[in-house]
Amino acid sequence: MADKQRQAARQRIDHEIFDVLIIGGGINGAVSAAALSASGAKVALLEQKDFGSGTSQESSNLVWGGIKYLETYEFGLVWELCRSRNELMRYYPGEVSELRFFTNLERGFRKSRWLVYLGALLYWAMGRFKTKRPRLLSKDTIAQEEPKVSVADSQGGLEYSDSFLRDNDARFVFNFIMRAARNRAVTLNYTKAVAASFSADKIWHVSAKDLSDGVTFEIKAKVLVNAAGPYVDAFNRVCGVKTVHQHIFSKGVHLIVPRINSSDKVLTFFADDGRLFFAIPMGGCSCIGTTDSRVTELPAVVTEADRRFILSNINKRVVLDKRLTTEDIIAERCGVRPLVIKGNAQDFAKVEWAHLSRKHIIECHRDQSQISIFGGKLTDCLNIGRELVDHVRQLGVPAKLVTRWYGEDPAAYKQDLIDRLAKLSITDRVWPGEGTIADRLWRLYGHDALSIVESIRTNQELQARLIEEQPILLAEVAYMAVHEMVVHLDDLLRRRTRLSLLVPKETLRQSKVLRKAADILFGSNAESEWQAYFNAV
């Protein structure tokens with residue numbers, strides 16, 4: 001099915017000159033494509049792997065206002081990030097939900113709990129009071145409300161609010177890709193831009209290779225947007241574009257383990273290196289981390305030192321029947337934070353680079369009709385989309401930003417979905433971290449969820465769940481086969497869903513329904529895709 005989508009996209013590419021070509025299908029590229037296509041621009045986007053498969057799939061799934069930046073007095077950044085967080089909570093009420101952070105402070109910590117609590121009150125105020133008020137916690141309250149937290153060395157703590165993604169970060173990114181596609185944007189994953197030149201007639205000529213079948217082709221555009229995330233600097237060298245800004249990289253690693261606490265609160269600590277350290281609920285699991293170490297080579301990888309750091313820190317700070325070991329790890333997340341700097345990266349070798357924020361910079365080269373997006377984070381994504389439309393318009397592309405180019409479909413129409421599921425006698429129990437099946441389908445697919453349910457009415461086999469203890473239906477896979485350009489099994493398990501983060505690999509291998517899903521997605525190539533995924537080291 002994905003082959004047909006790719007062929008149709010390449011046919012358009014052969015016959016059109018686009019207003020804007022975006023390189024990179026992470027959050028920066030996806031939100032840019034959604035904003036520009038909704039603004040009337042003719043847009044194409046190329047991603048060399050799968051959409052959202054880089055930094056965008058390795059986050060902590062938090063949508064937060066940057067409370068840690070208060071300690072470095074970046075009040076303007078916190079003010080803007082809180083505003084952005086609130087906007088996402090407002091327009092994605094099903095996907096971006098308020099979450100309580102239950103924080104334990106150890107004796108001897110660099111700040112007293114009263115000072116940290118005052119900082120949380122300031123954070124609440126900078127968040128326009130859109131969340132629940134912070135609470136000061138005594139040592140006894142911590143022990144009573146979260147008995148898994150070790151209070152042997154506690155001075156008490158506090159509880160405050162931020163928000164998180166109910167599903168996974170890569171799926172949130174992909175929904176912007178889908179929005180762009182609905183607005184006639186051409187989007188291709190597994191397609192690498194290998195060369196680029198700006199001609200005398202003010203047109204970018206980009207040579208690209210479709211990695212799924214090896215076909216090379218040329219794509220033309222009036223404006224080139226470099227949204228390649230950590231690879232922005234490398235692609236600028238391909239384009240011959242010199243920029244004022246560059247990136248340095250901080251590696252962040254999270255480990256997914258069986259659920260640590262029974263509540264829906266994030267257990268929050270300060271790790272041995274002094275930075276925030278979390279145990280974040282993720283369905284029936286906990287996502288623990290993160291690390292913060294500078295790296296210079298991409299892609300970053302998880303090391304034994306990373307695992308030791310995370311497991312050592314969590315074992316010191318929670319009380320479990322058995323200490324967590326590497327055998328408890330269900331999945332690992334490893335990505336880099338692209339931190340934007342002005343000047344040469346080597347000049348930052350001795351500075352407090354760990355204190356650099358996740359701000360974004362959009363650098364525009366008018367003489368070459370080229371734009372580079374540096375830094376950024378998921379919380380700030382809507383601002384990037386809006387700013388990019390302004391930059392592109394200044395380069396001569398007629399683009400007018402519409403009022404609402406993002407957000408979930410109106411919940412008023414959700415009752416129709418609930419009624420249709422009821423007629424099919426699909427059990428609508430509440431799944432941990434997911435809500436009901438109706439909640440999940442509406443959250444991820446909006447109005448398209450109705451066609452997914454309609455496919456079950458005509459084929460009862462499609463109501464089977466891929467994994468018995470997870471709410472994902474075979475009907476969703478049938479929909480993805482037609483609409484979501486799933487090229488490899490990992491696209492389904494890691495990005496269109498989060499199954500590979502929550503379910504051990506051997507359990508996935510044993511699922512007959514998942515094997516049937518592979519048949520739907522890949523047809524005659526199903527067995528090779530199955531073996532490639534499960535035999536990968």
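As a basis for the values below, the full set of heavy atoms in this structure was taken, side chains included, without hydrogen atoms, waters or symmetry mates.
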Exercise for review: Of all the heavy-atom pairs spanning G283 and R259, show the shortest one and how long it is.
Suggested key: O-NH1, 2.6 Å
Review point. With a 4.5 Å limit on heavy-atom distance, are the side chains of V78 and Y123 in contact?
Key: yes
Exercise for review: Compare all side-chain heavy atoms of Q368 with those of V241 and state whether any distance is below 4.5 angstrom.
Suggested key: yes
Point to revise | F109 side chain reached by Q155 side chain, heavy atoms, under 4.5 Å | key: yes
Review point. How far apart are the C-alpha atoms of Y92 and F172, what are their side-chain angles, what is the distance that settles it, and do they pass the ring pair (Phe, Tyr, Trp, His ring centres under 6.0 Å) test?
Key: CA-CA 10 Å; Y92 292 89; F172 186 74; 5.2 Å; yes
Review point. Is it true that D272 and K316 make a salt bridge, defined as a side-chain N closer than 4.0 Å to a carboxylate O?
Key: yes
Check your understanding: Ion pair present between D380 and K377, side-chain N to carboxylate O less than 4.0 angstrom?
Key -> no
Practice item. Find out whether E71 and R110 are in side-chain contact, i.e. whether some heavy atom of one side chain is under 4.5 Å from a heavy atom of the other. Key: yes
Point to revise | NZ/NE/NH1/NH2 to OD/OE distance under 4.0 Å, K132 and E159 | key: no
Review point. Closest approach of R337 and T291, non-hydrogen atoms and distance?
Key: NH2-O, 3.0 Å
Check your understanding: Looking only at side chains, do N61 and R166 share a donor and an acceptor under 3.5 Å apart?
Key -> no
Check your understanding: If you measure from the Lys or Arg side-chain nitrogens to the Asp or Glu carboxylate oxygens, is any gap between E106 and R113 under 4.0 Å?
Key -> no
Point to revise | Axial cation check for F51 ring with R495, 6.0 Å and 45° limits | key: no
Study note, to complete from the structure: Between A35 and S39, the two heavy atoms sitting closest are O-OG, 2.6 Å
**Study point:** Salt bridge R171-D491, side-chain N to carboxylate O under 4.0 Å
**Key:** no
Check your understanding: Quick one: salt bridge (charged side-chain N to carboxylate O under 4.0 Å, His left out) partners of R85, sequence neighbours excluded?
Key -> D162
Check your understanding: Does the separation of the ring centres of Y160 and W124 fall below 6.0 angstrom?
Key -> no
Practice item. Evaluate the side-chain proximity of V503 to I330: yes if any heavy-atom separation is below 4.5 Å, no if none is. Key: no
Review point. When you look at F249 and R294, which way does the side-chain contact (heavy atoms from CB on, under 4.5 Å) test go after all the steps?
Key: CA-CA 6 Å; F249 306 114; R294 186 171 180 180; over 6 Å; no
Check your understanding: Without hydrogens or angle criteria, can the side chains of S163 and E98 be said to hold a donor-acceptor pair below 3.5 Å?
Key -> no
Check your understanding: Are the side chain of E408 and the backbone of E95 linked by a donor-acceptor contact shorter than 3.5 Å?
Key -> yes
Review point. With distance as the sole test, does S37 use its side chain to make a donor-acceptor pair with the main-chain N or O of A33 at under 3.5 Å?
Key: yes
Review point. Run the side-chain hydrogen bond (donor to acceptor under 3.5 Å, both in side chains) check on R100 and S161 step by step: do they pass?
Key: CA-CA 5 Å; R100 295 295 275 178; S161 287; 2.7 Å; yes
Review point. What are the two closest non-hydrogen atoms of A193 and I23, and how far apart are they?
Key: CB-CD1, 3.9 Å
Tell me which donor-acceptor pairs under 3.5 Å the side chains of residues 221-233 have, and how far apart each pair is, sequence neighbours excluded?
{"residue": "K222", "atom": "NZ", "partner": "D19", "partner atom": "OD1", "Å": "3.4"}
{"residue": "N226", "atom": "OD1", "partner": "A228", "partner atom": "N", "Å": "3.3"}
{"residue": "N226", "atom": "ND2", "partner": "V232", "partner atom": "O", "Å": "2.9"}
{"residue": "N226", "atom": "ND2", "partner": "N236", "partner atom": "OD1", "Å": "3.0"}
{"residue": "D233", "atom": "OD2", "partner": "H247", "partner atom": "N", "Å": "3.1"}

Review point. Does a side-chain N-to-carboxylate-O contact under 4.0 Å join R333 and D169?
Key: yes
Check your understanding: If you round to the nearest 0.5 Å, how far is OG1 of T243 from CD1 of I361?
Key -> 11.5 Å
Exercise for review: Would you confirm whether S500, through its side chain, and L493, through its main-chain N or O, come within 3.5 Å as a donor-acceptor pair?
Suggested key: yes
Review point. Ignoring hydrogens and geometry, is there a side-chain-to-backbone donor-acceptor pair from N86 to L81 under 3.5 Å?
Key: no
Practice item. Please confirm whether the backbone N or O of V336 pairs with a side-chain atom of T55, one donor and one acceptor, at under 3.5 Å? Key: yes
Study note, to complete from the structure: So NZ of K265 and CG of N261: to nearest 0.5 Å the spacing works out to 9.5 Å
Review point. How about S56 and E58: does a side-chain donor come under 3.5 Å of a side-chain acceptor?
Key: no
**Study point:** Value rounded to 0.5 Å, distance of CG in D390 from CD1 in I362
**Key:** 9.0 Å
Check your understanding: Would you say the side chain of L21 lies within less than 4.5 Å of the side chain of L45, judging by non-hydrogen atoms?
Key -> no
Exercise for review: Supply the atom-to-atom distance C285 SG to I256 CD1, rounded to the nearest 0.5 angstrom.
Suggested key: 7.0 Å
Check your understanding: Between T497 and D167, does a side-chain contact (heavy atoms from CB on, under 4.5 Å) hold up when you go through it step by step?
Key -> CA-CA 8 Å; T497 73; D167 300 285; over 6 Å; no
Check your understanding: Do F269 and N313 come within less than 4.5 Å of each other through their side chains, counting heavy atoms only?
Key -> no
Review point. With distance as the sole criterion, is a donor-acceptor pair present between the side chains of Y445 and R440 under 3.5 Å?
Key: no
Practice item. Would you confirm whether S84, through its side chain, and E80, through its main-chain N or O, come within 3.5 Å as a donor-acceptor pair? Key: yes
Check your understanding: Looking only at atom types and distance, does a side-chain atom of D328 sit under 3.5 Å from a main-chain N or O of T325, one as donor and one as acceptor?
Key -> yes
Review point. Less than 4.5 Å apart, any side-chain heavy atom of F198 and any of S369?
Key: yes
Point to revise | Electrostatic pair R498:E434 at N-O distance under 4.0 angstrom | key: yes
Exercise for review: May I ask you to decide if the ring planes of F176 and W405 are parallel, tilted or perpendicular, using 30° and 60° as cut-offs?
Suggested key: tilted
Check your understanding: Should R496 and D490 count as an ion pair when the cut-off is N to O under 4.0 Å?
Key -> no
Review point. Can a donor-acceptor pair be found between the side chains of E363 and H245 at a distance below 3.5 Å?
Key: yes
Point to revise | Geometric cation-pi criterion, R128 with W79: 6.0 Å, 45° | key: yes
**Study point:** SB check K251 D306 (cutoff 4.0 Å)
**Key:** yes
Review point. For R386 and N383, does a side-chain donor sit closer than 3.5 Å to a side-chain acceptor?
Key: yes
Review point. Counting N and O atoms only, with roles assigned by atom type, does the side chain of S250 sit under 3.5 Å from a partner on the main chain of D292, one being a donor and the other an acceptor?
Key: no
Point to revise | Any donor-acceptor pair under 3.5 Å from Y69 side chain to R358 backbone | key: yes
Check your understanding: For the residue pair P281 and V266, what are the closest heavy atoms and their distance?
Key -> CD-CG2, 3.9 Å
For residues 142-151, which side-chain donor-acceptor pairs fall under 3.5 Å, sequence neighbours excluded?
{"residue": "E145", "atom": "OE1", "partner": "R135", "partner atom": "NH2", "Å": "2.7"}
{"residue": "E145", "atom": "OE2", "partner": "R135", "partner atom": "NH1", "Å": "3.2"}
{"residue": "E146", "atom": "OE2", "partner": "S263", "partner atom": "OG", "Å": "2.4"}

Exercise for review: Identify the heavy atoms of L395 and Q370 that sit nearest to each other, and give their distance.
Suggested key: CD1-N, 4.5 Å
Exercise for review: Take the angle between the ring planes of F309 and F277 and call it parallel below 30°, perpendicular above 60°, tilted in between.
Suggested key: perpendicular
Review point. Charged N to carboxylate O under 4.0 angstrom, R90 versus E87?
Key: no
Check your understanding: Between R317 and S154, do the side chains contain an N or O donor and an N or O acceptor separated by less than 3.5 Å?
Key -> no
Exercise for review: Mind running side-chain contact (heavy atoms from CB on, under 4.5 Å) on K68 and L70 for me, showing each step along the way?
Suggested key: CA-CA 5 Å; K68 72 173 186 176; L70 291 179; over 6 Å; no
**Study point:** Main-chain N/O of R275 paired to D273 side chain as donor or acceptor, under 3.5 Å
**Key:** yes
